[in-house]
Amino acid sequence: MNPYEPNYIEAKWQAYWEKNKTFKVERDSSKKKFYLLEMFPYPSGRIHMGHVRNYTIGDTLARFKRMKGFNVIHPLGWDAFGMPAENAAIKNNTHPAEWTFENIRTMREQIKRLGLSYDWDREIATCHPGYYKWNQWLFLKFLEKGIAYRKNSTINWCEACQTVLANEQVVDGCCWRCDNEVLQKQQEGWFFKITDYADRLLKGCKSLAGKWPEQVLTMQTNWIGKSYGAEVDFKIKDSDEAIKVFTTRPDTLYGAMFMVLAPEHPFTIKLSRGTEQESAIDSFVKKVNLQDTIARTSETGEKEGIFTGAYATNPLTGESVPVWTANFVLMDYGTGAIMSVPAHDQRDLDFARKYNLPVRVVIETKGEALDEKNMTQAYNADGAMIHSDSFDGLIGQEARSKVCEYLEKEGIGKATVNFRLRDWGVSRQRYWGTPIPVVHCDNCGIVPVGYDQLPVELPLDAQLGEKGQSPLHTLESFYKTPCPKCKAPAKRETDTLDTFFCSSWYFDRYTSPRQEDKPFDPEDNGYWMPVDQYVGGIEHAILHLLYSRFFNLVLNDLELTKAKEPFDHLLTQGMVIKDGAKMSKSKGNVVDPDEIIKTYGADTARVFILFAAPPVKDLEWSEQGVEGCYRFLKRVWRIFSDFVDEAKTATPAGENFSTSVKELKELRRMTHITIRRVTEDIEKRMQFNTAIAAIMELVNHLYHFKEWKESQDPIDSAPVIRESLEALILTVSPFAPHIAEEMATLLNFSEPDKSWPLYNEALTQTDEILIVLQVNGKVRQKLKIEAGMSDEDLKSLALIDPKILEWTQDKEIKKVIIVPKKLVNIVVK
RNA sequence: GCCGGUGUGGUGAAAUUGGUAUACACGCUAGUUUUAGGAACUAGUGCUUUCGGGCGUGGGGGUUCGAGUCCCUCCACCGGCACCA
């Protein structure tokens with residue numbers, strides 16, 4: 001037979017799959033569905049190893065589930081709007097659309113060379129009007145529902161990208177995309193009320209426990225940042241107004257010795273008027289405003305503050321407390337004002353010491369009593385309340401509840417919760433995105449574009465500004481439009497939507513990608529959703545994965561979708577590493593997938609990527625490792641070739657087959673053990689590296705079997721060999737589908753033969769089992785015994801074993817522990 | 001600081017329920033074959049040893065007949081959050 005020629009085999013099968021639309025699926029309520037999805041790529045130019053890893057993991061699972069009889073939907077599309085297209089367009093003097101579609105063409109071909117089982121009829125590109133029309137449609141629904149709203153606020157601005165960024169898109173004070181420093185600016189824009197969904201998003205996190213990586217759930221939980229506490233009113237002296245504070249420690253209220261307002265708090269300026277602090281406050285506020293927010297909110301930043309000149313009343317002690325303002329209090333968390341309890345909060349203590357403010361201990365410590373005058377470490381653990389009137393003695397949660405009850409009764413406060421999560425800013429001052437479908441009219445204000453007027457098309461004849469400014473702002477033919485309501489001349493919104501909008505529901509669109517009258521068909525969506533298994537990088541732990549969960553809840557409320565969560569199971573794959581660093585162009589350590597495919601074939605690339613590390617771990621690229629996998633596939637091909645003639649016409653050994661030849665029994669056992677191991681490794685553990693290792697062992701065994709057979713008089717082994725080869729082909733097929741298809745054809749498989757093989761438990765058993773004999777927990781002997789031997793017989797056998805006797809003679813046997821089918825441990829003294 | 005994760009041969013890794021530590025692969029060594037290189041095949045490969053054995057899963061301690069696995073503690077590295085009241 002011919003040598004293994006991956007290029008020939010792979011081209012042949014890829015053409016076959018394409019021509020026959022092998023992986024096209026339709027809704028079929030008689031079949032159990034499985035939705036397998038990988039995070040869709042940004043068409044950046046060419047695919048990289050990270051993509052290959054992502055899609056290989058997904059494809060292996062998709063193929064496995066298909067063989068298991070599921071109706072598997074496995075789509076791919078393009079996250080096609082976004083900045084890089086604009087940057088490339090400016091650099092190469094082309095148009096973002098041209099650049100994007102050219103990249104899609106290139107990457108699509110590359111992806112096809114990997115032999116991935118996609119239903120290409122469901123392909124989408126988010127920059128296509130047929131897709132973004134529905135972005136706009138959804139935006140209008142959000143507007144109607146009050147989820148989308150406009151406000152003027154402090155926003156994150158990236159000067160390099162010339163656009164606003166959402167909080168989730170600021171990483172360490174820098175732009176997530178270009179890594180330039182992010183500035184704060186006052187600007188009006190569109191926001192989504194993700195904060196309204198904070199609690200439901202949090203509850204969802206709990207429901208996903210065990211199905212999503214714990215790390216991702218923890219990150220989302222922290223990002224949402226729910227804290228339980230109380231809102232308390234501190235009456236301003238000589239005024240009817242009160243300052244509202246949020247605290248997580250109402251049990252320390254008796255120790256609140258002063259208050260601190262954020263410099264931006266309206267009361268900061270207001271309270272200082274008419275006091276001697278007036279001008280000092282003005283210059284302090286000005287100074288803090290000039291401070292960079294990132295530096296201001298870093299823990300190492302110097303705490304600076306100043307007295308406002310005003311006093312308020314501690315509602316429980318009735319004492320007058322001075323009201324300060326300081327740079328470390330943030331306007332957008334809680335109420336923008338805090339009560340300071342220096343004895344029980346480190347920041348407050350540092351501040352009190354710096355400005356000589358009083359300290360009072362109101363929580364009893366476990367160890368040494370605190371020294372109010374000299375303490376430098378605040379005591380922030382729970383403890384019994386002291387110096388707190390009738391509350392004395394109450395501890396922790398109970399203390400906090402009792403204080404809240406009292407506050408509520410007196411009408412001066414209440415128990416409340418606070419979130420760290422902020423609303424999602426979605427306006428982008430960019431060109432290559434979804435136009436926001438509203439019109440600004442001098443008479444009518446903000447007017448939504450009619451549903452029948454969608455899509456508001458992105459003009460393709462626009463010229464990008466030199467610095468990347470969006471041409472929409474200056475393109476009259478785009479923005480000049482009559483008001484949809486009063487028909488007077490008006491101006492279209494020229495900002496576009498954050499591209500994360502597109503990726504927040506694309507998985508819904510896949511369920512009916514060509515639907516023309518709605519974003520997707522509810523029946524299709526109800527059948528296919530949720531995504532059963534989502535595969536992607538951890539970098540979207542918060543961004544895309546949180547936004548999508550939020551969208552899904554809104555779509556639930558709009559009665560467009562039913563699934564409670566969009567992604568039932570999530571697998572976050574590790575990075576691809578070479579020479580100790582993530583593969584990247586800037587590090588110059590990239591390996592081109594095309595080159596690997598050309599040299600070794602896609603099957604080798606796939607097997608290596610799955611074999612080198614479990615999916616969740618980082619994967620170290622190794623050319624030698626790739627060669628090892630190539631060698632493995634060549635070994636598979638060769639052993640198959642050696643046996644194919646004998647096996648071609650045979651009926652595989654089945655239930656009723658029996659033989660007394662030890663080697664044949666052993667090969668059958670190996671075959672069935674392999675099926676079991678591979679099945680469980682894929683299905684229960686998603687550990688493809690050990691699944692492939694198991695197949696390697698089967699192949700090694702087949703070589704040994706062949707060697708044995710050649711040294712014997714001819715025997716009829718065809719049914720057993722056939723059974724083994726079938727198992728080999730089928731178990732290897734999710735990993736290396738091309739070689740598997742080729743071998744299946746050479747063995748004349750029929751379609752039903754291609755379903756996932758079952759193992760026979762009885763055949764995985766041996767007649768003889770190996771028992772480990774231990775003395776005091778140390779291995780001293782290994783014994784082969786008959787499988788049916790009783791514990792008693794085994795014990796006697798162990799005790800008279802000469803090797804064991806060497807260790808037990810002259811010693812008292814205290815105990816003998818027998819673990820069935822595994823070991824005997826003799827405890828001596 | 002808080003939360004989460006990781007730590008096993010020369011290397012990537014395995015050990016699923018507390019039961020033979022290092023499966024599978026890479027590399028290396030020797031051999032067969034080959035004009036050579038390569039490839040393929042065979043054997044060996046944790047450390048140590050007085051050849052009985054002893055030691056060995058980041059360090060220390062504990063529970064147990066038995067610990068890579070459970071508990072305590074410390075160290076190193078990675079990731080996230082962080083003046084969040």
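Chain letters run A, B, ... following the sequence lines, proteins first, then strands; residues in each count from 1.
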Peer 1: Is the phosphate of B/A40 approached by A/R635 (side-chain N or O, under 4.0 Å from OP1 or OP2)?
Peer 2: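 For B/A40, OP1/OP2 do not have a side-chain N/O of A/R635 under 4.0 Å.
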Peer 1: Partners of A/K811 by salt bridge (charged side-chain N to carboxylate O under 4.0 Å, His left out), sequence neighbours excluded?
Peer 2: none
Peer 1: Indicate yes or no for a side-chain donor-acceptor contact from A/Q220 to the backbone of A/A541 under 3.5 Å, with no hydrogens or angles considered.
Peer 2: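 Yes, A/Q220 side chain to A/A541 backbone: donor-acceptor pair under 3.5 Å.
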Peer 1: Can you give one letter per nucleotide of nucleotides 47-57 of chain B, 5' to 3': B if a protein heavy atom sits under 4.0 Å from the base, S if only from the sugar-phosphate, - if neither?
Peer 2: ------SSS--
Peer 1: Strictly below 4.0 Å, heavy-atom distances to any atom of RNA chain B: list the hits from residues 813-822 of chain A, or just say none.
Peer 2: A/K815, A/I817, A/V819, A/K822
Peer 1: Rounded off to whole Å, could you give me the CE-to-P distance for the A/M339 and B/A85 pair?
Peer 2: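 Rounding to the nearest Å, CE of A/M339 and P of B/A85 are 12 Å apart.
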Peer 1: Could you tell me the separation between the CD1 atom of A/I538 and the P atom of B/G79, rounded to a whole number of Å?
Peer 2: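 Result: 12 Å.
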Peer 1: Would you please test A/R420 and A/N222 for side chain to side chain donor-acceptor pair (under 3.5 Å) and show each step?
Peer 2: CA-CA 8 Å; A/R420 211 191 71 100; A/N222 290 343; over 6 Å; no
Peer 1: Can you name the residues that form a salt bridge (charged side-chain N to carboxylate O under 4.0 Å, His left out) with A/D642, not counting sequence neighbours?
Peer 2: A/K706
Peer 1: For the pair made of CD in A/Q346 and C1' in B/C84, what is the distance, rounded to whole Å?
Peer 2: 16 Å
Peer 1: Without swapping roles, check the side chain of A/D233 against the backbone of A/A242 for a donor-acceptor pair under 3.5 Å.
Peer 2: no
Peer 1: Within the structure shown, what part of the strands sits under 4.0 Å from A/E620 by heavy-atom distance: base, sugar-phosphate, or nothing?
Peer 2: nothing
Peer 1: Given that A/G334 and A/F611 both sit by RNA chain B, which one's nearest nucleotide is further toward the 5' end?
Peer 2: A/F611
Peer 1: Between N or O atoms, less than 3.5 Å apart, protein on one side and nucleotides 68-71 of chain B on the other: list the pairs.
Peer 2:
none

Peer 1: Distance check, C1' atoms only: B/G5 and B/G54, in whole angstrom units.
Peer 2: 35 Å
Peer 1: Under the side chain to side chain donor-acceptor pair (under 3.5 Å) rule, what pairs show up with a residue in residues 343-355 of chain A, not counting sequence neighbours?
Peer 2: A/E302-A/K354, A/S340-A/D348, A/D345-A/R347, A/Q346-A/D350
Peer 1: Return no unless some side-chain N or O of A/N689 is found under 4.0 Å from OP1 or OP2 of B/A14.
Peer 2: yes
Peer 1: Whether A/Q774 contacts B/U64 is assessed here as follows: a side-chain N or O lying under 4.0 Å from the phosphate OP1 or OP2. Is that the case?
Peer 2: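 For B/U64, neither OP1 nor OP2 has a side-chain N or O of A/Q774 closer than 4.0 Å.
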Peer 1: Sequence neighbours excluded, which residues qualify as side-chain contact (heavy atoms from CB on, under 4.5 Å) partners of A/D332?
Peer 2: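 In terms of side-chain contact (heavy atoms from CB on, under 4.5 Å), with neighbours along the sequence ignored, A/D332 is linked to A/L330, A/R422.
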Peer 1: Given atom CG of A/D345 and atom C1' of B/C2, what is their separation to the nearest angstrom?
Peer 2: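 The answer, rounded to whole Å, is 14 Å.
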Peer 1: For A/S227 and A/N418: C-alpha separation, side-chain torsions, deciding distance, then whether side chain to side chain donor-acceptor pair (under 3.5 Å) applies.
Peer 2: CA-CA 5 Å; A/S227 18; A/N418 214 316; over 6 Å; no
Peer 1: Picking from B/C65, B/A85, B/U20, which would you name as closest to the side chain of A/V827?
Peer 2: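 Out of B/C65, B/A85, B/U20, the nucleotide with an atom closest to A/V827's side chain is B/C65.
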Peer 1: Show me the pairs that pass salt bridge (charged side-chain N to carboxylate O under 4.0 Å, His left out) and involve residues 607-617 of chain A, at least two apart or across chains.
Peer 2: none
Peer 1: Check salt bridge (charged side-chain N to carboxylate O under 4.0 Å, His left out) between A/R685 and all other residues, then give those that pass, not counting sequence neighbours.
Peer 2: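 Scan of A/R685 (salt bridge (charged side-chain N to carboxylate O under 4.0 Å, His left out), adjacent residues dropped) gives A/D681.
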Peer 1: For B/G12, is chi within 90° of 0 (syn) or not (anti)?
Peer 2: anti
Peer 1: Mind checking whether A/W424 and A/Y547 have parallel, tilted or perpendicular rings, split at 30° and 60°?
Peer 2: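 It falls in the parallel class, under 30°.
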Peer 1: For the residue pair A/L316 and A/V403, establish whether any side-chain heavy-atom pair is separated by less than 4.5 Å.
Peer 2: yes
Peer 1: What nucleic acid atoms does A/D618 come within less than 4.0 Å of, heavy atoms only: base, sugar-phosphate, or nothing?
Peer 2: sugar-phosphate
Peer 1: Rounded to the nearest Å, what distance is computed from the CD atom of residue A/E214 to the C1' atom of nucleotide B/G79?
Peer 2: 14 Å
Peer 1: Syn or anti: how is B/G80 classified when any glycosidic angle within 90° of 0 counts as syn?
Peer 2: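 For B/G80, whose glycosidic angle is more than 90° from 0, the conformation is anti.
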Peer 1: Give the ring-plane orientation class for A/Y630 versus A/Y4, where under 30° counts as parallel, over 60° as perpendicular and anything between as tilted.
Peer 2: tilted
Peer 1: Taking only the side-chain nitrogens and oxygens of A/R677, find out if one of them lies under 4.0 Å from OP1 or OP2 of B/A23.
Peer 2: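 No, A/R677 has no side-chain N/O under 4.0 Å of OP1/OP2 on B/A23.
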Peer 1: Could you check which of B/G80, B/A85, B/U42 has an atom nearest any side-chain atom of A/R347?
Peer 2: B/A85
Peer 1: Between protein and nucleic acid, restricted to nucleotides 6-11 of chain B and to nitrogen or oxygen atoms under 3.5 Å apart, what atom pairs and distances do you find?
Peer 2:
none

Peer 1: Ignoring backbone atoms, establish whether A/R638 has a side-chain N or O less than 4.0 Å from OP1 or OP2 of B/C41.
Peer 2: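 Checking A/R638 against B/C41: at least one side-chain N or O falls below 4.0 Å of OP1 or OP2.
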Peer 1: Going by heavy atoms closer than 4.0 Å, what residues in residues 692-705 of chain A are next to RNA chain B?
Peer 2: A/A693, A/M696, A/E697, A/N700
Peer 1: Identify, with sequence neighbours excluded, every residue that meets salt bridge (charged side-chain N to carboxylate O under 4.0 Å, His left out) alongside A/E697.
Peer 2: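 Partners of A/E697 by the salt bridge (charged side-chain N to carboxylate O under 4.0 Å, His left out) criterion, ordered by chain and then number, come out as A/R677.
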Peer 1: Between A/R360 and A/M257, is there a donor-acceptor pair closer than 3.5 Å when you use the side chain of the first and the backbone of the second?
Peer 2: no
Peer 1: Does the side chain of A/Y600 come within less than 4.5 Å of A/L633's, by heavy atoms?
Peer 2: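 When only atoms from C-beta onward are counted, A/Y600 and A/L633 do not touch, as no gap falls below 4.5 Å.
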Peer 1: Could you tell me how far apart A/N825 (CG) and B/U64 (C1') are, to the nearest whole angstrom?
Peer 2: 11 Å
Peer 1: Is any NZ, NE, NH1 or NH2 atom of the basic residue among A/E806 and A/K803 found under 4.0 Å from an Asp or Glu carboxylate oxygen of the other?
Peer 2: no
Peer 1: Please confirm whether the shortest side-chain N or O distance from A/S227 to OP1 or OP2 of B/A85 is below 4.0 Å.
Peer 2: yes
Peer 1: Without decimals, in angstroms, what is the distance between A/L770 CG and B/G19 P?
Peer 2: 16 Å
Peer 1: Could you check whether the rings of A/W637 and A/F640 sit parallel, tilted or perpendicular, using 30° and 60° as the cut-offs?
Peer 2: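 The arrangement is tilted - the two ring planes meet at 30° to 60°.
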Peer 1: Check the distance between B/C3's P and A/I542's CD1 and give it to me in whole angstrom.
Peer 2: 17 Å
Peer 1: On RNA chain B, check which nucleotide each of A/I826 and A/R685 is closest to and give me the residue with the more 5' one.
Peer 2: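 Residue closer to the 5' terminus by nearest nucleotide: A/R685.
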